[in-house]
Amino acid sequence: QVQLVESGGGLVQAGDSLRLSCAASGGTFSSYAMGWFRQAPGKEREFVAAIERSGGNTDYADSVKGRFTMSRHSAKKTVYLQMNNLNPEDTAVYYCAARLSVRLLTVASDYNYWGQGTQVTVSS
């Protein structure tokens, strides 16, 4: 059983940066593939970024490529999402997800552990 707690959300202006964190507990962190998803009001949850359990490979949604970077710190049992050049379309609740897997997972239904989410609001 893995528990995930996100932090780092907030209200920023367009062009600003934020770094989200997701702290994991209760499992062997190095065995879990991790992902970030987001959900805007009235929209479905969408994939943002994913990282393999080794940290060697990552994948990103086209809408965030070149602006967002996902990383993981094994000793801290934490994954990060560095978000640069934010725009109002990035406004959403951001969720961290985990799954015991060797693969890079980009679909929400592939994950079985989820955090409670952190709100990111970008004003124009």
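- For the atom pair OG (Ser124) and CD (Gln13), the distance works out to 9.0 Å, reported to the nearest 0.5 Å.
- Leu4 and Ala24 make their closest contact through CD2-CB, 3.7 Å (heavy atoms, listed as atom of the first residue, atom of the second, distance).
- Hydrophobic cluster membership differs between Leu20 and Tyr80, with clusters built from Ile, Leu, Val, Met, Phe, Trp and Tyr side chains linked at under 4.5 angstrom.
- When Tyr111, Tyr60, Phe37 are each tested for a ring-ring contact (aromatic ring centres under 6.0 Å, His included) with Phe47, only one passes: Phe37.
- For the atom pair Ser30 OG and Arg72 CZ, the distance stands at 7.5 Å (nearest 0.5 Å).
- Note that SG of Cys96 and CD of Glu6 are 5.5 Å apart. Values are rounded to the nearest 0.5 Å.
- Looking only at side-chain heavy atoms (C-beta outward), Arg99 and Met34 stay at 4.5 Å or farther from each other.
- Val12 and Leu81 fall within a single hydrophobic cluster, where Ile, Leu, Val, Met, Phe, Trp and Tyr are joined by side-chain heavy atoms under 4.5 Å apart, directly or via other members.
- Among all heavy-atom pairs drawn from Thr78 and Ala23, the shortest one is OG1-CA, 4.0 Å.
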Please tabulate, for the side chains in residues 84-95, all donor-acceptor contacts under 3.5 angstrom to protein atoms that are two or more places apart in sequence or on a different chain.
residue : atom : partner : partner atom : Å
Asn84   : OD1  : Ser17   : OG           : 2.9
Asn84   : OD1  : Gln82   : NE2          : 2.9
Asn87   : OD1  : Glu89   : N            : 2.9
Asn87   : OD1  : Asp90   : N            : 3.4
Asp90   : OD1  : Arg38   : NH1          : 2.9
Asp90   : OD1  : Arg67   : NH2          : 3.0
Asp90   : OD2  : Arg67   : NH1          : 2.8
Asp90   : OD2  : Arg67   : NH2          : 3.4
Asp90   : OD2  : Asn87   : N            : 2.9
Thr91   : OG1  : Pro88   : O            : 3.0
Thr91   : OG1  : Val122  : N            : 2.9
Thr91   : OG1  : Val122  : O            : 3.4
Tyr94   : OH   : Arg38   : NH1          : 2.9
Tyr94   : OH   : Asp90   : O            : 2.6

Could you tabulate the donor-acceptor pairs under 3.5 Å formed by side-chain atoms of residues 101-108, not counting sequence neighbours?
residue : atom : partner : partner atom : Å
Ser101  : OG   : Arg103  : N            : 2.9

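- Rounding to the nearest 0.5 Å places OG of Ser7 at 9.0 Å from CZ of Arg19.
- The backbone N or O of Phe29 lies less than 3.5 Å from no partner atom in the side chain of Arg53, so there is not a single donor-acceptor pair.
- Val64 and Ile51 fall within the same hydrophobic cluster, defined by Ile, Leu, Val, Met, Phe, Trp and Tyr side-chain heavy atoms under 4.5 Å apart, directly or through other members.
- The two atoms that bring Gly9 and Thr118 nearest to each other are N-OG1, 3.2 Å, heavy atoms only.
- In the hydrophobic clustering of ILVMFWY residues, with side-chain heavy atoms under 4.5 Å counting as a link, Trp114 and Met70 come out apart.
- Val120 and Leu11 fall into different hydrophobic clusters, defined by Ile, Leu, Val, Met, Phe, Trp and Tyr side-chain heavy atoms under 4.5 Å apart, directly or through other members.
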